[in-house]
Structure formats: structure tokens, C-alpha cells
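Comments concern the structure below.
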Amino acid sequence: MKVLITSALPYVNNIPHLGNLIGSVLSADAFARYQRLRGNEVLFVLGTDEYGTTTEVKAREEGLTPRELVDKYFVIHKRIYDWFNTSYDCLGRSTSEANKKIVQDIFSKIYKNGYFIEGEVEQLYSEKSNMFLSDRFVEGECPICHKAGARGDQCDACGNLLDQKDLINPISKFDGTVPILKKTKHLYINLPKLEKELTNWISSVDSNWSFLAKNITSQWLKQGLKERAITRDLKWGIPVPLEGYENKVFYSWFDAPIAYIGITAECIGEKYKDWWLNKDVTLYQFMGKDNVPFHSIMFPSYLIATKEPYVLVNGLDSTAYINYENDKFSKSKEKGVFGNDAIETGISSDTWRYYLYRVRPEDDDTEFLWGDFEAKVNNELVNNFGNFINRVVSLNQKFFNGIKQKSNGELIEKVKPLLDDYFKLMDKSRERDALLKANEISSIGNKYLQDTAPWTLAKTDLIGAGTIIANCIDLFKLLSLVYSPFIPDASKKISESISFNLSDGFLNVFDGIKTGTEIKPIGILFQKLEHKQVEEFKQKFSGIKK
RNA sequence: AGUGGGGUAGGGCAGCUUGGAGUGCCCGUCGGGCUCAUAACCCGAAGGUCGGAGGUUCAAAUCCUCUCCCCACUACCA
């Protein structure tokens, strides 16, 4: 089976934080790793979303051109994804030539099929900067409560939603000048015209979607679809190949989803068609809840409107948000752990990954809490799992010089039903629950050891003790596999110690390790977190004090 | 204001779709066992009127209505 997996493209004008990481990139990664272990042909596409107003603004702030800015952040992002062991097959960028070509091609097909309409609007325009101002970049007096400092979209003082045209005495936040109203025309995708086809398709697949993805999408449909602009008056973007639109670019939510295809083309050339125009491909997409409508409604609409046989998403998986110590992650307030921070703590990427999957916000928002991080890592990862591996290896070393004895399979029998549960959960990308299932398996291992006490039995029945220890070693293969999507480094170490090739996957997971195999010492798999150190980190990343 | 999500033992959660004795997970507390292991592992106990009110039902944490709190998002801002 061909499984195509995408992670939402991170926006490259900032450093991603832990919530961004687990929300899409790491969620997709665990799923991709799992699918490979199940013997499927996998293409995991990751990339960066580089267009958009925010990039232009941020570039100005940093005194760079947009190009320089995205180049700078691309490197930062790549380093973080690599450090977190993201197993992407393709890592590309929405600004690539390949993407430009595909975006313009898809645009032309939609245009030819008559799914765009043109509309004219009045918008605030800065003559000095020669640009239209998006809502967030104008401020003025609120027309309702008359307090100063209301933004173009909303007044923070009274909470009312505003239209930027109604602001009294508007000022451009860019250059401090007074903007004028100017007419501009845009292209809108005609979603009402696509609605029927879209809803039919959605109802045929959304049983595979996550709880949040389903809810958010049905909410949108309930409210009825409206035309949405897909062009912008910006310079930083993909040019619109149409007469009269020479000074406009595509809205980044037009080109960003198409960049999944563009990045694939950037990565494997014309073979991208084997993945995106092939009915035998199953597509899974991972994203945060804010991105759902763009993947469940917008992107499929674009593809349907081309009338080409593009692959549409089958499994749409959306996570909620992870908060930080009962608050939001905030770059500006320096609150929370960001990708680069995680690297610098000296805590292993497996440890970070473990906790992030462990608190993955599958249905609702969850919390990153340092105290909880310490407790879960130390109790579950170190004391339960790491310790089980360690005590078995030690026992086998002590009594049998590391040589595996003959097993009888009784322990494997106990855990067989759990693997079925694990498969069911992973197939639905319930990664947090699947990880708990893996913990249950090592927990059963610990209990088995305790109940059979081979260290005592060895005094009277060495062969019996050998069987028990060998039974535990047989479990290593299963454990290395079920943990592999989450903590790949540790899994690799375990598989190496029993000379098992992880890439063989789950195929013969219950076949024991050959009697007489030398079980190589692994050492300490996971370092415990020190309470004092955790407290220091908690302090360090608590943000700017007011 | 609208929309979405949440309120389950001292803390953090799962269970709710497809009602069946408050079941479970990670901790915390108390007691016991074990000594292979990173003072790790195993067993047991105490602790909850499942936010509140009403309804459906033989039966409600679970379904319905109302109500009170908490959080997030709100679309030219990705």
C-alpha cells in the first residue's frame, strides 16, 4: 500500500515551539514511522510555508528582505526537525520553482473550469509604502467605544469586531502615515458552486477523520460556504498568471497547501505524479486545529475544481493546542520552550518526544507542565520501560553471560491482545493512547519478572530461570517496534542489542529471538530528570516578568 | 457577542460515539513484599454525591433540556 503523509507546513518567520512540533511535524512523524513498520510504502512530505504578509512584516522588522528572512529561518527549522529525528522523505519549501509551476498550473485549470469570480473591494492603502494594509496593520480610534488603539479587525478595549474602513483617524502601523481608501480587485474561489461535490466527498471520508477535524469541518459547512479571495496585493508571493493581476500574488493559503505537491515535485521530480495523481495512494494529513478548514475544505476544493484525478485526503488528523504552564506559548513574552531551547537543555530528543506524544492534545487542549514532564519521564519512561530493559539485560548477563536461553513464549502470549489494540489506535493515529498501550506492555514485563523472580529461582532451577529471562528478551523485539514511532533512538539501541533489524517491521514480531544469541549490554537507556534541574528550566522559560 | 472544547478522588487525565454496580491510567498519601534493576520493581489500602438542576429509562459520568464556571479561536491576521 502506498501511504502519503504530510505535516502542516510550518510558517518560517519564527522558531517553532513544542506545541507546534507535536501539533503537526511529530504527529506525522510517528505515523510515518508506524506505517513503514507495517510494511507500507511511505512518502512523508514536510516543508516550510514561506509566503504571506507576516513574513514581509517580520522581514522589515529584522532589516532583511523576505527572501533573506525565510532562508535564515529555513535553516533554523531544519536543524530543529533533524534534531528531533523527524523521518521526512522530502523537506522542501513553498517558495521553490517547482511549487510556483504547480500552483500556477492548478490555478490555470481552475480558471479554465470557471470556478473563480472577480470582486472589487475598498481597502486602506499606504501611499508612502505603496501597499495595501491588512487589518492588523492599521490602528485608529474605535468607532464604537471611541478608545484609541483599535486594530483594523477588532478593538481590544470593547471587544467588538470592526471593519478597517470604519476606523476613525486610521494610521498605518508600518510607516505612521495616514492611509487612503483605494479600490482593488481580487479573485475569489467560488466555493458555493463546489459545495455539493465537496460535501459528498467529505461525507464519504470523514469517518476516518479525527474528532476535531470532523467537528470543525461540519461547523463550516453548517454555516454555508462563501466565496473566498485567493489573491492579495502583496509583492512577496507567487505571481498570478492572469492579465490585470500583474501586481498581485496568491494568498498564501492558496499556494501553501498546493506546496505539498510542489515539495514532492521539488524532491522526486516528475515521479510526484505517482503519489498525487494515483488512485492507489492513501493520503494522511496532520495539522493543528487552526488549519483544519484549509485542509478539509479549501485544498480539496482547489483540487476538485481542476477536474484532474488528484489524490484527496483520506485521514485528516487535527490536534488541539498544548498550553505552557497554564498559559499560551509566547515568543514575544519569551514564555515556553522553543525548538532551539529544547536542544540546549541537554535533555535527549527521545525524552522530549516521549513527553510530547504522552500529552499530545488529541481531542482537547493539554498542558506542558515541568512537574508533569519530570514525573512522566521518570516514572513511565525511565522506571517502567527503561528499567525493564535494563534489569532483563543485567539478569541475562549475570546468570548466562549474555547468552539467550531457550524461551517458551508464555510472556508473548500475555501481550498479544495488546498489540491488536495498539494497531487499532495507531491506524487511527491515536498516538497518545498507543503510547500508553506500549507502556502497558513493558509494565506486564515488569510484573512477570516480579511474579516469577528468576533471581531466586536461579538458585534451585537455573534452566527455569533461563526460560523466564529468555521470555523477557523475546519481548524486546515487540517493545522496540511499538516504541519506535515515538522514541526511535532508544528503540534502535534495543533492537541492536538483540541483533534485530528494525526495518523488518512487525511482520514476524512474535517470533522469538534465536536461542544462543548474544544479548549485548545497552547501558542506561534514559537519563532521569533531576528535580533541581527541572526547577531551573521552569524558571528559565517562564517568560518576561511584568 | 458568536463558534469550538472542557468541568470525573489531593494534582493531571482516560471512560461518554454504541447507557448496565464509579471502571481505569500517571502521580501523591499510607501499609506490605522483593533485592535482578537508574532508591528502580510488585501487591494492598484510604480518598470521588462524575460542576449544578430537571427530564428520558428497569438502569445515566454516558442520552435530552436548562444553568453556572474555565479555556481557546473568530476568517485580507497563516
Side-chain angles (χ1 to χ4, degrees), chain A residues 8-13 49-55 57 121 123-124 132-137 151-154 158-161 163-164 184 186 211-212 214-216 218-220 222-223 226 228-234 251-257 288-294 298 320-321 323 326-328 358-359 361-367 369 371-372 374-384 386-399 432-433 436-437 439-440 443 445-451 453-456 458 465 468-469 472 523-528:
Chain A
L9 307 182
Y11 211 48
V12 277
N13 50 38
D49 178 10
E50 309 195 339
Y51 288 123
T53 324
T54 320
T55 301
V57 174
V121 288
Q123 206 180 340
L124 291 173
F132 284 94
L133 299 166
S134 62
D135 287 341
R136 263 184 42 187
F137 304 121
R151 283 175 287 120
D153 52 349
Q154 186 173 19
C158 67
N160 280 297
L161 296 182
D163 187 314
Q164 62 163 228
T184 178
H186 285 293
F211 173 78
L212 269 173
K214 225 183 298 182
N215 267 343
I216 295 171
S218 69
Q219 200 53 39
W220 266 59
K222 215 186 291 170
Q223 288 175 8
K226 299 183 198 85
R228 286 183 64 102
I230 56 124
T231 54
R232 292 290 184 275
D233 287 294
L234 295 169
Y251 172 39
S252 66
W253 268 118
F254 184 72
D255 67 74
K289 61 183 175 183
D290 50 337
N291 281 346
V292 167
F294 298 101
M298 303 303 290
Y321 292 142
N323 294 319
N326 300 310
D327 208 343
K328 286 172 83 172
R358 186 64 182 74
V359 295
E362 306 201 331
D363 296 325
D364 46 47
D365 294 354
T366 60
E367 297 287 337
L369 299 165
D372 188 51
E374 181 187 339
K376 287 204 165 74
V377 166
N378 287 349
N379 291 309
E380 300 173 16
L381 187 64
V382 180
N383 295 347
N384 176 15
N387 186 46
F388 172 69
I389 299 292
N390 192 27
R391 60 200 297 217
V392 171
V393 172
S394 301
L395 280 166
N396 195 55
Q397 201 64 39
K398 179 166 178 175
F399 292 108
R432 182 177 68 187
D433 293 337
L436 285 170
K437 207 46 91 173
N439 286 350
E440 255 183 76
S443 184
N446 274 320
K447 181 167 163 49
Y448 177 75
L449 266 186
Q450 205 62 39
D451 292 346
W455 50 89
T456 307
I468 289 163
I469 295 166
C472 292
I524 299 290
L525 267 181
F526 311 103
Q527 216 65 47
K528 259 195 179 183

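Order of the sequence lines fixes the chain letters, A, B, ..., with proteins taken first and strands second; residue numbering starts at 1 for each chain. Source: prediction; values computed, not measured.
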What integer number of Å spans the [atom1] atoms of [N] and [M]?
N: B/A9; M: B/U17; atom1: C1'; answer: 26 Å
N: B/C27; M: B/C16; atom1: C1'; answer: 24 Å
N: B/G15; M: B/G6; atom1: C1'; answer: 15 Å
N: B/G24; M: B/U65; atom1: C1'; answer: 31 Å
N: B/G32; M: B/C50; atom1: P; answer: 34 Å
N: B/C41; M: B/A46; atom1: C1'; answer: 23 Å
N: B/G2; M: B/U67; atom1: P; answer: 12 Å
N: B/G7; M: B/C63; atom1: P; answer: 12 Å

State which residues pass side-chain contact (heavy atoms from CB on, under 4.5 Å) with [X]; sequence neighbours excluded, sorted by chain then number.
X: A/Gln527; value: A/Ile524
X: A/Lys214; value: A/Asp206
X: A/Asn387; value: A/Arg391
X: A/Ala256; value: A/Asp49, A/Trp253

Excluding sequence neighbours, so at least two apart, what forms side chain to side chain donor-acceptor pair (under 3.5 Å) with [X]?
X: A/Lys447; value: A/Asp451
X: A/Asp433; value: none
X: A/Thr231; value: A/His186

Check: B/A37 base within 3.5 Å donor-acceptor of A/Asn387 side chain: yes

Classify the side chain of A/Gln450 and the base of B/C41 as holding, or not holding, a donor-acceptor pair under 3.5 Å. yes

Within the 4.0 Å limit for protein heavy atoms, which parts of nucleotides 22-31 of chain B are touched? Write it as a string from 5' to 3', B for base, S for sugar-phosphate only, - for none. ----SS----

If we call it a pair only when both distances are under 3.5 Å in a Watson-Crick or G-U wobble match, what pairs with [N]?
N: B/G19; value: none
N: B/U62; value: none
N: B/G48; value: none
N: B/G4; value: B/C71
N: B/A37; value: none

Pairs: protein N or O with nucleotides 5-9 of chain B N or O, under 3.5 Å:
{"unit_1": "B/G5", "atom_1": "OP1", "unit_2": "A/Asn215", "atom_2": "ND2", "d": "3.0"}

Which pair of non-hydrogen atoms, one from A/Thr366 and one from A/Arg432, has the smallest distance, and what is that distance? CG2-NH1, 3.9 Å

Smallest heavy-atom separation, A/Glu50 atom then A/Val12 atom, equals CG-CG2, 3.4 Å

